[in-house]
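Written below as structure tokens is the structure these notes are about.
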Amino acid sequence: MLEYQAILEEIAHEIQPFLNEGNVASYIPELANVMPTHFAMSLMCVDGRSFHVGDYEKRFSIQSISKLFTLAMAMQRVDESLWERIGKEPSGSAFNSLIQLEYENGIPRNPFINAGALVVTDIILTHLKDAHATVLEFLRTLTQKDDINFDFHVAKSEAATGYRNQAMANFLKSFGNLEHEPSRVLNAYFHHCAIAMNTQELARAGLFLANQGIQPWLKEPVLTPRQAKRINALMLTCGTYDSVGDFAYRVGLPAKSGVGGGILATLPNHFTICVWSPRLNSKGNSYAGTKALELFTTKTKLSIF
Ligand code: GLN
């Protein structure tokens with residue numbers, strides 16, 4: 001039996017020199033108000049065991065990790081037609097790039113770049129009365145934590161400075177790939193990105209992805225095994241943007257990152273692992289977080305490969 005707690009503590013120690021590498025996201029001004037040297041790691045096994053190290057009780061902005069949960073909600077409600085509006089290929093360009101959208105007639109490459117997530121948000125707006133509240137409720141149910149909430153300062157800060165996402169939503173609308181008004185889609189999207197959670201809660205929330213669609217403490221499956229497999233496939237190929245190849249090479253796990261510095265990864269049928277460290281590499285993924293996951297899969301020899 002692997003000594004997970006000892007391994008996490010070893011990583012927390014070895015990661016110290018890397019906590020000064022990279023830069024905290026500042027294009028959303030409110031995200032820059034975080035202590036840049038935070039570090040946390042949480043492992044949640046499908047058998048219910050969990051292990052944590054560092055600032056695992058401190059909540060941070062989940063940002064693009066929310067794209068996993070909004071995609072799961074869309075897949076619960078929409079059949080294959082979802083994939084007529086969004087692709088399933090890695091983009092090879094930045095998460096907020098506009099270039100491909102023009103060439104590809106407003107069909108985003110995948111659901112994990114911003115353009116794809118805006119279409120996912122548009123889809124859930126069609127199926128839900130209140131997309132803000134229902135996403136929160138989904139995360140509260142997945143974690144069994146009633147106090148998970150939006151960080152309204154972050155949502156407001158992104159709305160005030162999100163010119164690129166506004167351009168993107170207008171662009172999608174011009175191609176006929178948004179049903180709702182861009183402002184409504186953006187408002188919901190910014191709020192989903194601004195949800196605050198800690199590594200312990202994210203590892204718990206994502207367990208269904210590592211467990212054939214089942215959240216052990218809920219009566220109903222969240223997704224079918226096939227849907228969970230598909231989200232893992234998209235995480236592996238699109239979850240860390242244009243460094244997805246480097247990430248697979250170094251870490252070897254399906255993962256989704258966010259510019260708040262969190263990364264949620266899975267080893268299907270075994271565990272979820274969530275890491276947080278706010279300084280990012282040039283592609284927008286946590287610098288020390290990626291390194292910590294690399295150390296974990298190297299030390300444990302556990303990866304999908
Ligand atoms: N809210 C951020 C944005 O839209 C999310 C980006 C990310 O986490 N990669 O730019």
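In each ligand, atom 1 is the first atom listed, and ligand 1 is the first ligand listed. Because only heavy atoms are used, hydrogens play no part in the values below, and waters and symmetry mates are left out as well, while side chains stay in. Here the structure is a predicted model, which is why all the values come from computation and not from measurement.
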Item to check | Sub-4.0 Å heavy-atom contact, Asn114 with ligand 1 | outcome: yes
Next on the checklist: Do Thr70 and His192 make a side-chain contact, defined as non-hydrogen atoms from C-beta onward lying under 4.5 Å apart?
Outcome noted: yes
Checklist outcome for this item: The reported gap from OG in Ser286 to CG in Asn281 (rounded to nearest 0.5 angstrom) is 8.0 Å
Checklist entry - Counting both backbone and side chain atoms, is some N or O of Ser64 under 3.5 Å from an N or O of ligand 1? => result yes
Checklist entry - Which ligand 1 atoms does Gly258 reach within 4.0 Å, using its non-hydrogen atoms? => result 8 (O)
Next on the checklist: Could you tell me if the side chain of Leu293 sits less than 4.5 Å from the side chain of Phe247, heavy atoms only?
Outcome noted: yes
Checklist entry - Can you check whether Asn165 has an N/O within less than 3.5 Å of an N/O in ligand 1? => result yes
Next on the checklist: Tell me whether Phe95 has any N or O atom under 3.5 angstrom from an N or O of ligand 1.
Outcome noted: no
Next on the checklist: Could you check whether Phe271 and Phe296 have their ring centres less than 6.0 Å apart?
Outcome noted: yes
Item to check | Residue and atom name of the nearest protein heavy atom (relative to atom 9 (N) of ligand 1), distance in Å to one decimal | outcome: Tyr241 OH, 2.8 Å
Determine all donor-acceptor pairs shorter than 3.5 Å in which one atom belongs to a side chain in residues 13-35; sequence neighbours excluded.
{"from": "Glu14", "atom 1": "OE1", "to": "Lys299", "atom 2": "NZ", "distance (Å)": "3.2"}
{"from": "Glu14", "atom 1": "OE2", "to": "Lys299", "atom 2": "NZ", "distance (Å)": "2.8"}
{"from": "Gln16", "atom 1": "NE2", "to": "Ala12", "atom 2": "O", "distance (Å)": "2.9"}

Checklist entry - What is the nearest protein non-hydrogen atom to atom 10 (O) of ligand 1, stated with its residue, atom name and distance? => result Tyr27 OH, 2.6 Å
Item to check | Test item, Phe190 contacting ligand 1 (heavy atom, 4.0 angstrom) | outcome: no
Item to check | His270 side chain reached by Leu302 side chain, heavy atoms, under 4.5 Å | outcome: no
Checklist outcome for this item: The protein heavy atom nearest to atom 4 (O) of ligand 1 is Tyr189 OH, 2.6 Å
Checklist entry - Do the non-hydrogen side-chain atoms of Gln215 and Arg204 ever get within less than 4.5 Å of each other? => result no
Next on the checklist: Judged on heavy-atom distance to atom 3 (C) of ligand 1, which of Glu158, Gln63, Lys256 sits nearest?
Outcome noted: Glu158
Checklist entry - Under 4.0 Å from any heavy atom of Cys193, which atoms of ligand 1 are there? => result 1 (N)
Checklist entry - Would you call the rings of Trp276 and His38 parallel, tilted or perpendicular, where under 30° means parallel and over 60° means perpendicular? => result parallel
